[in-house]
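Inspection log for the structure reproduced underneath, given as structure tokens.
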Amino acid sequence: MTKHNRPDNIRRQLGLRPVINVSGTMTSLGASIVVPQAVEAVSAILGEFVEMGDLHRRASAVIAQLTGAEAGFITASCSAAISLAVAACMTGPNLWAIERLPDTSGLKDEVLIQSGHMISYGAPVEQAIRLTGAKVVPVGQATSASAYHLAGAITDRTAAAVFVVSHHVVDYAQIPLAIFAEVAHARGVPVIVDAASEYDLTGFLAAGADLVLYSGHKFLGGPTSGIVAGPKERVRNVYLQNRGIGRGMKVGKEGIVGALAALQAWKVRDHDAIRARERRALDCWIETLEGRAGVNVSIEPDPTNNPLDRLKLTIDPAQARITAWDLADRLAAGDRPVIVRDHEVEHGYFLLDPCNLHPDEEFVVAARLGEELDIARKSNEIIATPFNERVLTSEAAILNWPD
Ligand SMILES: *Cc1c(COP(=O)(O)O)cnc(C)c1O
């Protein structure tokens, strides 16, 4: 096994476990590896004063260049961007209304969202809407929404319609974005697209989004931040929310400068080389796992068509002598904790996501998989924690913080 020489004293100093992330860009793990260009930019600006209006102007130009939109704005997170975009659709440029939120009296304040899009990304998307004072109006049923549901839900109080792009949304029988936008636009309703984790910086605007929102700290590898892109007037109305509810969601100079550097770096990133490196990690794991009893591996393309493949491990407990969730939990324990993508682990599988690995960490992951699977094979009893027990344990753990 090759050893990487990355200096990593900070986690040790703080007494934090040196986790390896094969889960994805997860807020709970610190989002993503911030690209070196952003790290440098952040440290360069921290000791300087800037005129924030001008810095936001500069950011707008860079976002415009990358997205093809007229303007752009950086806020604290994509979740903040959802709230501020909704607020902007309600208040327009009315500073009096902006200061009054979340009191929406006199404003259009209904926001439409397909029921199958009402997901949690760690917090409920509809709460980000409601924070503004808006009322959420669900469209259709979780597993079935049609254009007529959307058209029927539009009233003279409709302020906006939110469309979520995510592996979390129900992935069938939803209204496609182009149709969603056509129906909304026919009645003058602006469409906000939450594309937090999507690599595509231009397609959603082209498909009819009026405002498109991204996370700065996911695929882009920026510091914690959210990015808004769209026509100048709409984006200005989002910017103006900084004088209202946006204050508590403000991004500092370091967040803006870091997100800008990450956007610039994205433009010149060698995407093919990264793809090839990710593929080598998958191949390394396949090699380790092939021929092992009760472990079935397959390459899974990203469900929302990001150019990213993951490795799916389906575990047959009778053969492997361990359940998928017990294997995930054992990998997450110990001196080199490996955190896997286990959103759907009750179905007997989890995924390994190669997009946040430091060089050579794939070998550690392979070694840990081999180690835990060997232990399980030798176990007399099948290692099988009842799934309900696992659910209750993880819920209880949250409520015990900071203990
Ligand atoms: C991650 C995510 C968010 C939240 O993004 P933050 O920038 O972390 O606030 C919102 N929507 C979707 C679909 C996400 O995946």
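Values in this document were obtained by computation on a predicted structure and should not be read as measured data. Counting convention: from 1, in listed order, for ligands and their atoms alike. Note that these values count all heavy atoms, side chains included, but never hydrogens, waters or copies made by symmetry.
- Checked by distance only, ligand 1 and Ser79 come closer than 3.5 Å through their nitrogen or oxygen atoms.
- For the residue pair Gln241 / Thr91, a side-chain donor-acceptor distance below 3.5 Å is found, with atom types taken as modelled.
- Ser215 OG, 3.3 Å is the protein heavy atom nearest to atom 6 (P) of ligand 1.
- Between Ser166 and ligand 1, no N or O atom pair is found at a separation short of 3.5 Å.
- Counting heavy atoms closer than 4.0 Å to ligand 1, residue Thr25 contributes nothing at all.
- Among protein heavy atoms, atom 2 (C) of ligand 1 sits closest to Lys218 NZ, 2.4 Å.
- Taking a cutoff of 4.0 Å between a charged side-chain nitrogen and a carboxylate oxygen, Arg57 and Asp54 qualify as a salt bridge.
- Looking from atom 11 (N) of ligand 1 to the surrounding protein, the closest heavy atom is Asp194 OD2, 2.6 Å.
- In this structure, the side chain of Arg377 does not engage the main chain of Arg292 through any donor-acceptor pair within 3.5 Å.
- Trp325 contributes a side-chain N or O that, together with a main-chain N or O of Thr385, makes up a donor-acceptor pair within less than 3.5 Å.
- Residue Cys78 has at least one nitrogen or oxygen atom sitting less than 3.5 Å from a nitrogen or oxygen atom of ligand 1, judged on distance alone.
- Looking at Tyr214 and Glu198, their side chains never bring a donor and an acceptor atom within 3.5 Å of each other.
- Close approach of ligand 1 to Ala196 is summarised as follows: ligand atoms under 4.0 Å from at least one heavy atom of the residue are 2 (C), 3 (C), 10 (C), 11 (N), 12 (C), 14 (C), 15 (O).
- Residue Thr27 approaches ligand 1 through these ligand atoms, each under 4.0 Å from one of its heavy atoms: 8 (O).
- The aromatic rings of His343 and His168 are tilted relative to each other, their planes meeting at an angle between 30° and 60°.
- In terms of protein heavy-atom proximity, atom 10 (C) of ligand 1 is nearest to Tyr121 CD2, 3.2 Å.
- Protein heavy atom nearest atom 8 (O) of ligand 1, with residue, atom name and distance: His217 NE2, 2.9 Å.
- Between Met90 and Thr104, some side-chain heavy-atom pair lies under the 4.5 Å cut-off.
- By the criterion of a heavy-atom distance under 4.0 Å, the side chain of Ser197, and not its backbone, is placed next to ligand 1.
- In this structure, Thr132 contributes its side chain and Ala134 its backbone to a donor-acceptor pair below 3.5 Å.
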